[in-house]
Protein chains: 2
Amino acid sequence: MASQLPRPEVRPPARVRLLLIQLGYHAARRLNARLEPLGLEPRHYGVLRAIAAREGATQQAVGSRLDLAPPRMVALIDDLEKRGLVERRRNPSDRRAYGLFLTASGRSCLDEALAAAESEEEALLGGLDPAQRAQLELLLREIAEHQGLGDAVLP
Amino acid sequence: MASQLPRPEVRPPARVRLLLIQLGYHAARRLNARLEPLGLEPRHYGVLRAIAAREGATQQAVGSRLDLAPPRMVALIDDLEKRGLVERRRNPSDRRAYGLFLTASGRSCLDEALAAAESEEEALLGGLDPAQRAQLELLLREIAEHQGLGDAVLP
DNA sequence: TATTGTTATACTCTATAACTATA
DNA sequence: TATAGTTATAGAGTATAACAATA
């Protein structure tokens, strides 16, 4: 009997959780669209940033920071090296390991990507005034902290 | 020369865009984790909700609403039917098409899933008081509208 | 001929396991 | 023997194209 109560098929209007998921997805897609003209896929963008943050680090170091398995890193660095954005330099004191470095072209590519991300932020928040933006950032940070996501932010 | 300026490798602290992407991803993962014990994968959850919102709709109707290609719908409905959550009923007036309906077990499964989503919302917003929650929802809705995402919300 | 649903096929992505070269 | 990186292999997931039944 109880199972045949008239249920509201349509739930109450979208909640915060749903909004977050959708907006996060939307923001990610928009960013990717801005990266595409630069020839950068999201995964490459992430690796580029991680290398820039710790130039000279080994593949494994960067990989474990991004939670990418070794074979995955090999493929990604292969891509970036083929495109002349990243360079593998042998470590003379341990000839098994490589140090990863951005090339000049890699630096400028990353700069463009960061600028694209910046302008995407602007487009995303276009409807909010500065006070609202600050408030939103505060609330989101609060949630992130409460969820223990402090370290998930890359650099 | 200009290319050799000391650049801040580490960007200014995470921005709203990044926070949104990360929190959205986090929220989606948390929800999926809550759905798993019910034997529901995210894709099935979405289809279940779409069917509940318009019971009797054809596969194509549901599929186009969720932006899923026909072969994908076939596989998904196969899954759900095999698990006794959804039923295909032939349409007598057009014997090519099926109408999709939830079974009793499908309804209760969806109910549990919706309850799980509800409790996940609670967990997610645990750090905010009611006024903050309302404010956050307002700000997010503002962005969603400004981004033209009005219809992306399912039901 | 057009449409609903289905099946068959190919492709991308990723993860796991085996291998090499240094240490 | 252990470790950094690589290669080979296998699997999941998805998209595209061809197909059957009905209109």
Side-chain angles (χ1 to χ4, degrees), chain A residues 21 25 28-29 31-33 35-36 39-48 50-51 54-83 85-103 106, chain B residues 21 25 28-29 31-33 35-36 39-48 50-51 54-83 85-102:
Chain A
I21 292 176
Y25 181 69
R29 280 205 336 184
L31 178 62
N32 298 350
L35 256 31
E36 202 177 355
L40 274 189
E41 292 173 58
R43 44 188 167 177
H44 298 130
Y45 173 60
V47 174
L48 229 45
I51 294 175
R54 332 188 133 195
E55 258 184 309
T58 64
Q59 284 189 194
Q60 289 210 0
V62 173
S64 80
R65 176 143 184 84
L66 297 174
D67 203 34
L68 299 176
R72 193 126 169 55
M73 279 301 291
V74 172
L76 290 173
I77 302 300
D78 279 354
D79 291 346
L80 293 171
E81 203 174 36
K82 223 171 287 171
R83 298 201 25 221
L85 303 178
V86 164
E87 191 186 350
R88 284 173 167 115
R89 290 191 206 151
R90 282 240 176 253
N91 179 345
S93 74
D94 182 347
R95 293 167 39 73
R96 292 173 304 183
Y98 288 113
L100 297 178
F101 296 86
L102 295 187
T103 65
Chain B
I21 292 176
Y25 181 70
R29 281 206 334 185
L31 179 61
N32 298 349
L35 256 30
E36 202 177 355
L40 274 189
E41 292 174 58
R43 44 188 169 180
H44 298 129
Y45 173 61
V47 174
L48 229 45
I51 294 175
R54 333 187 132 195
E55 258 183 308
T58 64
Q59 282 187 196
Q60 288 211 1
V62 174
S64 80
R65 176 142 183 83
L66 297 174
D67 201 35
L68 298 176
R72 193 126 167 55
M73 280 300 292
V74 172
L76 290 171
I77 302 300
D78 279 354
D79 291 347
L80 293 170
E81 202 173 36
K82 223 170 287 172
R83 299 201 23 219
L85 304 178
V86 164
E87 192 186 351
R88 284 173 168 114
R89 290 191 206 152
R90 280 238 177 258
N91 179 346
S93 74
D94 183 345
R95 294 169 38 73
R96 292 174 303 184
Y98 287 113
L100 297 177
F101 296 85
L102 295 187

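Letters A, B, ... are given to chains in the order of the sequence lines, protein chains preceding strands, and every chain is numbered from 1.
The two residues A:Tyr45 and A:Leu31 make their nearest non-hydrogen contact at CE2-CD2, 4.2 Å. The nearest pair of heavy atoms linking B:Leu66 to B:Gly46 is CD1-O, 4.1 Å. The two atoms that bring A:Ala61 and A:Ala57 nearest to each other are CB-CB, 4.1 Å, heavy atoms only. Between A:Glu55 and A:Leu102, the closest heavy-atom pair is OE2-N, 2.7 Å.
Contacts between chain B and DNA chain C, taken as any atom within less than 4.0 angstrom of a protein heavy atom, begin and end at C:dA2 to C:dT7.
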Would you tabulate the side-chain donor-acceptor contacts of residues 74-83 of chain B under 3.5 Å, counting partners in other chains and residues two or more places apart, or write 'none'?
| residue | atom | partner | partner atom | Å |
| --- | --- | --- | --- | --- |
| B:Asp78 | OD1 | B:Arg88 | NH1 | 3.0 |
| B:Asp78 | OD1 | B:Arg88 | NH2 | 3.1 |
| B:Asp79 | OD2 | B:His44 | NE2 | 3.1 |
| B:Glu81 | OE1 | B:Arg88 | NH1 | 2.8 |
| B:Glu81 | OE2 | B:Arg88 | N | 3.2 |
| B:Arg83 | NH1 | B:Gly39 | O | 2.6 |

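Atom CD in A:Gln59 sits 8.5 Å away from atom CD1 in A:Ile51 (nearest 0.5 Å). With rounding to the nearest 0.5 Å, the separation of CZ in B:Arg72 from CG in B:Asp67 is 10.5 Å.
For A:Arg54, the salt bridge (Lys or Arg N to Asp or Glu O under 4.0 Å) test picks out no residue, with sequence neighbours left out.
Spacing between atom CG of A:Leu100 and atom C1' of D:dA4 amounts to 12 Å, rounded to whole angstrom units. Here the P atom of nucleotide D:dA4 and the CE atom of A:Met73 are 13 Å apart, to the nearest Å.
The backbone N or O of A:Leu85 lies less than 3.5 Å from a partner atom in the side chain of A:Thr103, making a donor-acceptor pair.
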### Query
Could you run down nucleotides 7-16 of chain D 5' to 3' and tag each one B, S or - for protein heavy-atom contact under 4.0 Å?
B-----SSSB

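Each end of the helix from C:dT1-D:dA23 to C:dA23-D:dT1 gets its own axis from five base pairs, and the two axes differ in direction by 20°, given to 10 degrees.
The number of heavy-atom neighbours closer than 6.0 Å to OH of A:Tyr25, taken from other residues, nucleotides and ligands shown, is 12 or below.
Side chains of A:Tyr98 and A:Arg90: a donor-acceptor N/O pair is present below 3.5 angstrom, by distance only.
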Would you tabulate the nitrogen or oxygen pairs shorter than 3.5 Å linking the protein to nucleotides 18-23 of chain D?
| residue | atom | partner | partner atom | Å |
| --- | --- | --- | --- | --- |
| D:dT22 | OP1 | B:Arg95 | NH2 | 3.4 |
| D:dA23 | OP1 | B:Arg95 | N | 2.7 |

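Note on A:Gln60: a base of the nucleic acid sits closer than 4.0 angstrom, heavy atoms only.
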